[in-house]
Amino acid sequence: MVTPRLVLVLGDQLTPSLSALAAADKDRDVVVMAEVASETGYVAHHPKKIALVLAAMRKFAAQLRDEGWHVAYSRLDDPDNAGSIPAELLRRASEHKAQRVMATTPGEWRLIHALEDMPLPVEFQSDDRFLIRPRAFADWAKGRRELRMEWFYREMRRKTGLLMEGDAPAGDQWNFDTENRKPLRDRASAPMMPQFEPDPLVEEVLELVEARFGDHFGRLRPFGFATDRAQALEVLDDFIAHRLAYFGDYQDAMVTGKPLLWHSLLSPALNLGLLTPFEICQRAEQAYRDGQAPLNAVEGFIRQIIGWREFVRGIYFLQGPEYTRHNALHHDRSLPPLFWGADTRMKCLAEVVSQTEEQAYAHHIQRLMITGNFALLAGLAPAEVHDWYLSVYADAFEWVEAPNTIGMSQFADGGIVASKPYVSSGNYISKMSDYCTGCAYDVKVKSGENACPFNLLYWHFLERHRARFAKNRRMAMIYRGWDKRAPEDRERILQDAEQWLCRLEAGETV
Ligand code: FAD
Ligand code: DLZ
Ligand code: SF4
């Protein structure tokens with residue numbers, strides 16, 4: 001008799017064409033899926049995120065069984081649950097007399113190492129749900145002085161043929177960002193988030209999560225995420241029909257009480273594997289070819305997926321497991337309680353944090369230019385900022401979260417992902433959002449009690465990192481402008497910033 005092999009399917013590997021499944025034999029092998037404390041507990045995940053992953057895992061296991069697979073599924077509250085992925089594999093191995101494990105390489109070094117350290121041999125299959133493999137990314141990166149997303153993206157356009165007319169980009173331009181990024185003044189027109197009523201399976205998971213993780217930051221109910229492929233396809237259809245056309249125009253806009261605007265909300269389903277990146281991009285391209293959406297929107301959207309998403313994954317694997325510990329700017333201030341919902345007078349932060357608490361979702365500019373911008377300006381410890389982003393968003397998996405946080409947002413990698421830090425004063429926030437209306441601070445005031453903290457901290461940041469950034473080609477002009485201001489003005493702003501940071505550290509409501 002041939003011994004079975006175990007086929008590991010992780011919570012973010014819910015794709016029928018997964019490489020480990022493709023290499024397995026339905027009649028011989030046992031699929032192992034496990035809800036385990038080590039995965040639900042490596043950070044204090046938002047309850048909505050845990051519910052999303054567990055519900056989608058249960059539905060996917062049922063689908064595999066319907067397709068004839070033998071699935072050994074462990075629920076979190078099974079009395080025999082061994083508590084971690086390796087321990088569950090060992091338990092299943094002895095139960096089924098299996099001697100080998102087949103796995104699609106996990107998206108996190110922590111789990112890769114845990115599998116490598118197991119006393120059972122593990123055969124890794126590369127994760128071909130992505131458009132480029134880590135080794136091919138390393139070849140692309142080799143010998144380059146700087147790794148810039150834009151050059152990588154052009155290669156990916158050529159490789160996939162997306163939005164190409166022969167050898168040339170559609171519209172004779174690779175990137176249409178200059179036509180994008182308009183502020184939104186008409187709140188009423190912003191679409192609502194697509195939501196799904198929990199079915200009995202989801203409801204059972206919600207009850208489990210409520211009982212075990214009810215004390216984590218984040219509201220579990222109402223829960224409306226897509227938890228299976230059919231629902232994920234509905235989100236995609238809805239996006240293509242109603243939001244894609246304006247995606248470019250309002251990509252950077254932020255509006256109180258409107259979390260989604262014209263964004264797709266596809267990252268949770270995409271990162272779990274319910275949808276594949278290529279099928280999403282093909283649908284977007286088709287909408288352009290059919291005249292349903294303009295090129296600036298479709299190009300901007302496809303760039304996020306075949307450009308940024310693939311690029312950051314390449315960086316994660318290229319940089320290795322130490323990447324999350326980088327702290328190039330030596331920032332060490334603790335994450336203040338306002339990140340966990342404590343009162344703040346800053347309306348922009350209050351809005352994004354409370355939206356995050358409710359939805360486990362914030363769009364890119366909210367993450368980058370509100371919470372991320374503040375964390376960077378205030379000198380918060382990048383490792384704590386990384387843990388926060390990894391826990392509070394439903395789409396957060398380390399391969400994508402870490403390069404965005406450590407690299408793009410916190411510049412803690414010293415410029416591997418971003419060529420300059422993403423920092424701004426309140427002026428940008430005021431231009432792109434309606435947050436400043438009704439804020440206790442005044443965005444137009446540059447110093448003193450009422451001054452917007454982003455105005456104070458922006459110059460404090462630039463001054464304390466002058467040695468690093470003054471020579472940066474893209475920042476030299478900002479320093480020149482600052483240096484031309486009256487010395488007493490500069491001194492006042494820096495002192496006010498210092499005082500404000502002291503109040504933040506003292507735990508005052510700022
Ligand atoms: P849309 O705006 O509709 O974009 C479409 C798709 O493009 C997204 O679904 C996503 O798959 C992809 N995409 C867009 N921007 C990026 C990017 N910078 N990196 C990778 N993919 C991108 N994204 C995650 O998927 N998981 C994370 O944990 C995550 N953490 C982030 C942390 C920080 C500090 C920042 C600044 C960004 C982070 N992002 C992360 C990127 C981005 O914010 C989210 O992908 C996006 O907000 C998801 O919402 P959406 O699906 O509506 O995106
Ligand atoms: C995020 C997550 C959670 C909350 N729970 C589980 C789980 O119980 N079982 C599982 O297989 N996967 C889970 N995941 C997803 C993993 O953490 C994810 O596979 C790794 O972070 C690699 O990307
Ligand atoms: Fe944020 Fe400053 Fe605007 Fe207040 S005034 S919402 S702190 S940018």
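Counting starts at 1 for both ligands and their atoms, following the listed order.
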Carboxylate-amine/guanidinium proximity below 4.0 Å for [X] and [Y]:
| X | Y | answer |
| --- | --- | --- |
| E299 | R303 | yes |
| R110 | E39 | yes |
| E279 | R229 | yes |
| D77 | R75 | no |

Numbering the atoms of ligand 1 from 1, which are under 4.0 Å from a heavy atom of [X]?
| X | answer |
| --- | --- |
| L266 | 9 (O), 51 (O) |
| S409 | 34 (C) |
| L368 | 36 (C) |
| L265 | 50 (P), 51 (O), 52 (O) |
| H363 | 47 (O) |
| L270 | 11 (O) |
| M408 | 18 (N) |

Which protein non-hydrogen atom lies closest to [atom], naming both residue and atom, and how far is it?
| atom | answer |
| --- | --- |
| atom 53 (O) of ligand 1 | S264 OG, 3.9 Å |
| atom 2 (O) of ligand 1 | H263 ND1, 2.7 Å |
| atom 6 (C) of ligand 1 | I305 CG1, 3.7 Å |
| atom 26 (N) of ligand 1 | D395 O, 3.0 Å |
| atom 24 (C) of ligand 1 | V400 CG2, 3.5 Å |
| atom 25 (O) of ligand 1 | N271 ND2, 2.9 Å |
| atom 16 (C) of ligand 1 | W308 CB, 4.0 Å |
| atom 18 (N) of ligand 1 | N404 OD1, 2.9 Å |

Y441 ring centre to R345 NZ or CZ under 6.0 Å, with the angle to the axis within 45°?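 Judged by the rule, R345 and Y441 form a cation-pi pair.
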Regarding K49 and the six-membered ring of F397, is the cationic atom NZ or CZ under 6.0 Å from the ring centre and inside 45° of its axis?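 Output yes; distance and angle both within limits.
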Parallel, tilted or perpendicular: which fits the ring planes of [X] and [Y], with parallel below 30° and perpendicular above 60°?
| X | Y | value |
| --- | --- | --- |
| F247 | F301 | perpendicular |
| Y250 | Y246 | parallel |
| F152 | F311 | tilted |

Judged by non-hydrogen atoms, does [X] sit under 4.0 Å from ligand 1?
| X | answer |
| --- | --- |
| F301 | yes |
| F247 | yes |
| Y361 | yes |
| A362 | yes |

Could you tell me the separation between the [atom1] atom of [X] and the [atom2] atom of [Y], rounded to the nearest 0.5 Å?
| X | Y | atom1 | atom2 | result |
| --- | --- | --- | --- | --- |
| S391 | W340 | OG | CH2 | 4.0 Å |
| D395 | D12 | CG | CG | 12.0 Å |
| R309 | W399 | CZ | CH2 | 3.5 Å |

N/O to N/O below 3.5 Å, does that happen between [X] and ligand 2?
| X | value |
| --- | --- |
| E39 | yes |
| W399 | no |
| Y42 | yes |
| K49 | no |

Closer than 2.8 Å to atom 3 (Fe) of ligand 3: does that hold for any N, O or S atom in C452?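 False for C452.
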Below 4.0 angstrom from a heavy atom of [X], which ligand 2 atoms are there? Numbered from 1 as shown, please.
| X | answer |
| --- | --- |
| V36 | 7 (C), 8 (O) |
| G11 | 10 (C), 11 (O), 12 (N) |
| A34 | 7 (C), 8 (O), 9 (N), 10 (C), 11 (O) |
| I85 | 11 (O) |
| L111 | 20 (C) |

Can you sort out which atoms of ligand 3 are near [X], meaning under 4.0 Å from one of its heavy atoms?
| X | value |
| --- | --- |
| C439 | 4 (Fe), 5 (S), 6 (S), 7 (S) |
| I429 | 8 (S) |
| C436 | 3 (Fe), 5 (S), 6 (S), 8 (S) |

Taking atom NZ of K420 as the centre, report whether more than 12 heavy atoms of other residues, nucleotides or ligands fall under 6.0 Å from it.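 Yes.
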Side chain to side chain, I306 and R157, heavy atoms closer than 4.5 Å: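 Yes, close enough: below the 4.5 Å cut-off.
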Are the side chains of L14 and M57 in contact, using a 4.5 Å heavy-atom criterion?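 A side-chain contact under 4.5 Å exists here.
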For residues S74 and R92, is any side-chain donor paired with an opposing acceptor at under 3.5 Å?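 Note: S74 and R92 side chains meet the donor-acceptor criterion.
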So which atom in V445 and which in S447 form the shortest heavy-atom distance, rounded to 0.1 Å?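 Taking V445 first and S447 second, the nearest heavy atoms are CG1-O, 3.2 Å.
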Any idea which heavy atoms bring V36 and N81 closest together, and the distance?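 Nearest pair, atom of V36 first, then N81: CG1-OD1, 3.7 Å.
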Option of least heavy-atom distance to [atom] (set: [options]):
| atom | options | result |
| --- | --- | --- |
| atom 40 (C) of ligand 1 | K49, H364, R367, E401 | R367 |
| atom 9 (O) of ligand 1 | A269, P403, S267, A394 | S267 |
| atom 7 (O) of ligand 1 | Q304, R309, M193, M369 | Q304 |

Taking the six-membered ring for Trp and the full ring for Phe, Tyr or His, determine whether the centres of W308 and Y153 are under 6.0 Å apart.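 No, they do not, as the ring centres are separated by 6.0 Å or more.
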Between V443 and ligand 3, which part of the residue brings a heavy atom under 4.0 Å of the ligand: side chain, backbone, both or neither?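 The answer is both, backbone and side chain.
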Between M57 and ligand 2, which residue portion shows a heavy-atom distance shorter than 4.0 Å: side chain, backbone, both, or neither?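 M57 to ligand 2: side-chain contact only, backbone stays beyond 4.0 Å.
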Is it the side chain, the backbone, both or neither of L10 that has a heavy atom closer than 4.0 Å to ligand 2?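 Both of them.
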Side-chain donor/acceptor of E88 to backbone N/O of A34, under 3.5 Å: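 Side chain of E88 to backbone of A34: no pair is present.
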Short side-chain to backbone donor-acceptor contact, T509 and T344, under 3.5 Å: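 No, because the side chain of T509 does not come within donor-acceptor range (under 3.5 Å) of the backbone of T344.
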Start with the C-alpha gap between L115 and V101, add the side-chain angles, then the distance that decides, and say whether side-chain contact (heavy atoms from CB on, under 4.5 Å) holds. CA-CA 9 Å; L115 293 180; V101 176; 5.8 Å; no
Does the shortest distance from atom 1 (Fe) of ligand 3 to an N/O/S atom of C348 fall below 2.8 Å?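 Of the N, O and S atoms in C348, at least one lies under 2.8 Å from atom 1 (Fe) of ligand 3, which means yes.
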I want to know if ligand 1 touches Y389 in the polar sense, i.e. an N/O pair below 3.5 angstrom.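 Y389 vs ligand 1: no N/O contact under 3.5 Å.
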